[in-house]
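Each ligand, and each atom within it, is numbered from 1 in the order the structure gives.
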Amino acid sequence: MSGRTPSLTPPDDAARPVRHPEAPAPGELLGAHYEHCFGCGHGQPHGLHLEARAGDDPDAVAITAEFTVKPEHQGAPGLAHGGVLATALDETLGSLNWLLRVIAVTGRLETDFVRPVPVGTVLHLDAEVTAVAGRKIYSTATGRIGGPDGPVAVRADALFIEVKVDHFIENGRPEEIKAAMDDPDQVRRARAFEVNP
Ligand SMILES: CCCCCCCC(=O)SCCNC(=O)CCNC(=O)[C@H](O)C(C)(C)COP(=O)(O)OP(=O)(O)OC[C@H]1O[C@@H](n2cnc3c(N)ncnc32)[C@H](O)[C@@H]1OP(=O)(O)O
């Protein structure tokens, strides 16, 4: 097992994460935040189509998610590609920010691959924010196989950094930014950037 790098350890004065009062209710399906997102979007034929739900504990900033490994997600014959599994972890961890109602992007993602994950497997993911320090959001996730209580196949620790919506507007390709901004659906428009509507 690898050790966590120092930048993923919250400082002593970090705050406990607080679930936003208007965060989705415990157990609520989050749905895709952006139709073209590789992690969760329905408009990506080879995407992961990850389904995330707000965690059951109302006091925790936590998410559960499921991802079914398809043949198009292979690396070695019959096995999930490690980068695809890292994407599933990243997407689940990224969904936590919707519970905080903070816009944030992955700064660091440290992954352990513990067991091979065969095609056809459902990966059961659990993610939780552990601490917040200024713009820095510390979180952790596990992915289990064979059921929600099955053995851990992958795990990750992450540092997300809070950004302004300008991060996307200034750096994203103008075609997609314009299309997302012009969406008449206010909630969909906000969720494309995970902004509090
Ligand atoms: C809409 C939501 C979609 C969610 C999809 C799933 C999540 C994703 O995959 S997001 C896409 C992948 N991520 C990215 O593209 C991010 C690219 N990186 C960047 O844009 C910038 O480096 C960014 C915004 C993370 C940080 O830049 P900047 O805003 O200038 O912050 P900066 O001042 O450098 O750092 C702020 C703090 O974070 C720390 N930090 C920043 N990056 C890292 C890092 N990689 N590792 C450790 N610490 C870091 C800094 O040390 C600093 O700490 P402190 O405040 O204690 O000094």
Option set Glu110, Lys136, Lys164, criterion heavy-atom distance to atom 39 (C) of ligand 1, minimum:
Lys136
Atoms of ligand 1 under 4.0 Å from any heavy atom of Val163, numbered from 1 in the order shown, are 24 (C)
Which bit of Phe193 is near ligand 1, meaning a heavy atom under 4.0 Å away: side chain, backbone, both or neither?
backbone
Verify the cluster assignment for Leu125 and Val119: are they in a single hydrophobic cluster under the rule of side-chain heavy atoms below 4.5 Å apart?
yes
Please lay out, stage by stage, how Leu30 and Ile63 fare under the test side-chain contact (heavy atoms from CB on, under 4.5 Å).
CA-CA 9 Å; Leu30 267 55; Ile63 289 277; 3.6 Å; yes
With a 4.0 Å cut-off, strictly under, does atom 29 (O) of ligand 1 pick up any protein heavy atom?
yes
Just jot down the ligand 1 atoms closer than 4.0 angstrom to any heavy atom of Ser7, in number order.
47 (C)
Looking only at protein heavy atoms, identify the closest one to atom 40 (N) of ligand 1 and say how far it is in Å.
Ile161 CD1, 3.7 Å
For Leu93, which part has a heavy atom under 4.0 Å from ligand 1: side chain, backbone, both, or neither?
neither
Does any part of the side chain of Ile137, heavy atoms only, come nearer than 4.5 Å to the side chain of Leu159, both counted from C-beta?
no
Please list the nearest protein heavy atom to atom 49 (C) of ligand 1 with its residue and the distance rounded to 0.1 Å.
Leu159 CD2, 3.7 Å
Atom 12 (C) of ligand 1 - nearest protein heavy atom and its distance:
Thr106 O, 4.0 Å
May I ask you to check whether Phe168 has an N/O atom sitting below 3.5 Å from an N/O atom of ligand 1?
no
Protein contact for atom 1 (C) of ligand 1 (heavy atom, distance under 4.0 Å):
yes
Quick one: ring pair (Phe, Tyr, Trp, His ring centres under 6.0 Å) pairs with a partner in residues 141-168, sequence neighbours left out?
Phe168-Phe193
Could you check if a side-chain atom of Glu51 sits within less than 4.5 angstrom of a side-chain atom of Leu29, using non-hydrogen atoms only?
yes
I'd like to know if atom 16 (C) of ligand 1 has any protein heavy atom within a distance of less than 4.0 Å.
yes
Minimum side-chain heavy-atom gap Met181-Ile169 below 4.5 Å:
yes
Is there a side-chain contact between Arg155 and Thr140 (heavy atoms, below 4.5 Å)?
no
Is there a side-chain contact between Asp57 and Pro26, using heavy atoms and a 4.5 Å cut-off?
no
Closest protein heavy atom to atom 5 (C) of ligand 1, given as residue, atom name and distance to 0.1 Å
Glu91 OE1, 4.1 Å
Protein heavy atoms near atom 56 (O) of ligand 1, is at least one of them under 4.0 angstrom away?
yes
Can you tell if the side chain of Asn97 reaches within under 4.5 Å of the side chain of Leu100, non-hydrogen atoms only?
yes
Would you mind reporting whether Phe67 and Glu91 have side-chain heavy atoms less than 4.5 Å apart?
no
Does the protein place a non-hydrogen atom closer than 4.0 angstrom to atom 25 (C) of ligand 1?
yes
Would a distance-only check, ignoring hydrogens and angles, find a side-chain to backbone donor-acceptor pair under 3.5 Å from Arg19 to Ala60?
yes
Look at atom 19 (C) of ligand 1 and say which protein heavy atom is nearest, naming residue and atom and giving the distance to 0.1 Å.
His167 CE1, 4.1 Å
Pick, from Arg108, Glu162, His33, Arg135, the option with the minimum heavy-atom distance to atom 4 (C) of ligand 1.
His33
Considering heavy atoms of the protein only, find what lies nearest to atom 44 (C) of ligand 1 and give residue, atom and distance to 0.1 Å.
Gly107 O, 3.8 Å
For atom 9 (O) of ligand 1, closest protein heavy-atom neighbour
Asp90 OD2, 2.7 Å
Min side-chain heavy-atom separation Lys136-Ile161 under 4.5 Å
yes
